[in-house]
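Worksheet for the structure shown next.
Each chain gets a letter, A, B and so on, in the order the sequences are listed, and its residues count up from 1. Just so it is clear, the model here is predicted, and its values are computed rather than measured.
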Amino acid sequence: MGTPAAVRVWERSLLQHRRVWRTSLLGSFLQPLLYLLGMGLGVGALVDGTTGSPELLGGVSYFAFIAPALLAASAMLVGSQDSLWALLDGFLWGNQYRAMTATPLRPTQVAAGLSLWHATRALLTVVGVAVVLTLFADTRTWGLLLAVPAGVLTGLAFALPITAWTATREGDISFPAIMRFAIIPMFLFAGVFFPIEQLPSALQPVAMLTPLWHGVELCRASVLGTLGAADAAVHVGALLVYVVGGWLLCRWAFTRRLAS
Amino acid sequence: MASAPLISARGLVKRFGGFTAVDGIDVEVHPGESFGFLGPNGAGKSSTMRMIGCVSPPTEGELSIFGLDPVRDGREIRSRLGVVPQQDQLDVELTVEENLVIYGRYFDIPRAECRRRAAELLDFVQLTERARSKVDPLSGGMKRRVTIARSLINEPSLLLLDEPTTGLDPQARHVLWDRLYRLKQRGVTLVLTTHYMDEAEQLCDRLVVMDQGRIVAEGSPRSLIAEYSTREVLELRYSPGTNEARAVPIADVGERQEVLPDRVLIYAHDGEAALHEVHERDAMPESSLVRRSSLEDVFLRLTGRTLVD
């Protein structure tokens, strides 16, 4: 007796994940590897020969520039996808979260268990990317150890607010728009593939508000060994705003949805 | 009854915004009883069940379950309840056994103990041989039995069943009724909602008829029929659209008449005699049927409406 409630909710997610862990694990190595080969080495061959590019990229190769950013970007993609359809199922189609709150579990404990699972998924994803990064000399650094928690924090900065949003939904009509108009644009424009200084100056502050940019900056600076304390504090602080804000919204939304 | 009630509600109200789902009901359920909330969709049965299940706080009134307060002691109450929701809410990608074990974990029952109880419960609902198959491909009746087995994992003394057999075929319903009857024999208190008269008659010692958030009658199925209906009912079918007109000349046959869109009901102590009288008056229907009064007739009498539209 005496397992924390959130862990007991997390056990269910783990059990479900056991059915798909092989494909999921393969994906978490294969996807970053493909990006690294295609973008890092392929596009990198064009970029690295251009005059001015070393200054823009902070004195590193294009490969070394984008590879660490994939830690944060992968965590974002997994965190968002997990928080949409799969989560709505528990509220709407399968209604498993209602079954949970018929037991001693409270809605906030269900939210806590799902958040714990989001953290687990983010960790597995980020570790997968980190292992791939150790295959390349440019990114085989001790800073990867620091980048892993940064990546997990980035994943949660997406998973928790989106989970709260999903908990208020009666259908999935908004989900494709979230992917198309929020997640994919962030992936493309928030500093993963090029520095945000390249954006029109009006858009730079917008990019700086996104959790992905903070996650990317943290991961990149960690891996490349250029992380300063002040920058680290700003980026971690910004991510925490999304994580804590998302958690408070989750508490509110789960209680409203499951105990009204 | 001398024993303290398991459930006691007084002036219980549930509002959602401006909509009143439950409008001041008084209910007492005693240990070992099998108690039913009967009424059409939207009568307030499920809202009542959710308040009793401590997942929906009452808007007004007093409610106590096991002598405890559902708002303050919700966790404690829920740990002693079994809940069979209207929709199965199973994890369809997991196996039958995994569903039971994971649900037991929500009660913080150790894993090994969950497995032991799961085996016992699957035997009880006759699904032992399906323990390791996924839930998804099971039939509706089997899924329902999984849900019932799951609701018993914490060995509850009070089981709440919301529309337990809605959507099942007759054979599956009888299998379920048999299992529920066995639970009752073991001393489990059953509280169920249904809009099926036969289900209420099969399972309930006592029931309340609900309509538009209020209780309109209370008693045993037999006493309700005796009070609000006659022993027999004569059902007459005339050609479509002519019921109203054809009912007029036979309005005084039997004790009471109800004209429905598809048939005319004549309430009488002796249905055959009433049919004879109808024949005498040359009001020959296209078909006729004499049957015993049921709770359906009680409901019709009390509300002027049929239960299942």
Side-chain angles (χ1 to χ4, degrees), chain A residues 1-24 82 85-114 116-117 167-168 170 251-260, chain B residues 14-17 21 47 49-57 59 70-71 73-95 97-99 101-111 113-114 134-136 146-147 150-151 153-154 156 159-160 162:
Chain A
M1 289 280 202
T3 314
V7 175
R8 290 182 274 117
V9 172
W10 175 88
E11 284 175 19
R12 165 179 172 266
S13 302
L14 184 70
L15 199 60
Q16 286 187 316
H17 193 68
R18 278 204 337 210
R19 306 216 163 268
V20 293
W21 72 272
R22 282 181 199 84
T23 31
S24 156
D82 280 8
W85 286 274
L87 213 110
L88 189 63
D89 184 38
F91 283 114
L92 201 62
W93 303 301
N95 251 315
Q96 292 88 356
Y97 305 145
R98 273 203 195 289
M100 290 182 183
T101 47
T103 73
L105 294 174
R106 286 191 298 271
T108 48
Q109 293 173 324
V110 175
L114 294 173
L116 193 60
W117 177 249
T168 64
E170 293 297 337
R251 286 179 60 115
W252 169 80
F254 273 64
T255 304
R256 203 183 67 136
R257 182 77 176 251
L258 297 172
S260 60
Chain B
K14 182 72 195 184
R15 283 192 209 99
F16 297 100
S47 296
M49 287 295 253
R50 285 173 50 73
M51 286 191 278
I52 296 171
C54 302
V55 289
S56 168
T59 311
V71 176
D73 312 311
R75 202 184 159 280
E76 161 76 14
I77 297 169
R78 291 199 303 273
S79 72
R80 293 162 63 182
L81 281 182
V83 177
V84 177
Q86 202 165 356
Q87 193 197 346
D88 281 321
Q89 306 177 350
L90 296 164
D91 285 306
V92 293
E93 291 300 312
L94 300 183
T95 67
E97 190 199 19
E98 284 169 340
N99 264 278
V101 170
I102 208 73
Y103 197 75
R105 295 293 294 142
Y106 300 157
F107 290 87
D108 210 2
I109 300 164
R111 192 174 294 275
E113 175 65 11
C114 288
K134 275 196 193 181
V135 167
D136 204 26
V146 177
T147 300
R150 183 173 85 156
S151 75
I153 197 91
N154 59 326
L159 188 61
L160 307 179
D162 197 0

Whatever's closer than 4.5 Å to a heavy atom in chain A on B:L94 counts as both
Shortest non-hydrogen pair, B:S56 vs A:S260, comes out as OG-O, 2.9 Å
What pairs with B:V92 under side chain to side chain contact (heavy atoms under 4.5 Å, CB included), at least two apart in sequence or on another chain? B:V135, B:D136
For B:R50 and A:L258 the tightest heavy-atom approach is NH2-O, 4.2 Å
Could you tell me which non-hydrogen atom of B:R105 sits nearest to which non-hydrogen atom of A:T3, and how far apart they are? NH2-OG1, 3.2 Å
Residues of residues 93-102 of chain A with a heavy atom under 4.5 Å from any heavy atom of chain B, in residue-number order, are A:W93, A:G94, A:N95, A:Q96, A:R98, A:A99, A:M100, A:T101, A:A102
Contact class of B:L90 relative to chain A, heavy atoms under 4.5 angstrom: backbone
Please look at B:T95 and chain A and tell me whether the side chain, the backbone, both or neither of the residue comes under 4.5 angstrom of a heavy atom of that chain. both
Heavy-atom closest pair (A:R19 atom, B:E93 atom, distance to 0.1 Å) is NE-O, 2.9 Å
Residue B:R15 versus chain A: region with a heavy atom under 4.5 Å: neither
If I measure from the heavy atoms of chain A, does B:V55 come under 4.5 Å with its side chain, its backbone, both, or neither? both
Which heavy atom in B:R78 sits nearest to a heavy atom in A:L105, and how many Å separate them? NH2-O, 3.4 Å
Which atoms of B:R80 approach chain A - backbone, side chain, both or neither, heavy atom under 4.5 Å: neither
Residue among B:E76, B:R75, B:K14, B:M51 with most heavy-atom pairs under 4.5 Å to chain A: B:R75
Nearest heavy atoms of A:R8 and B:Y106, plus distance in Å: NH1-O, 2.8 Å
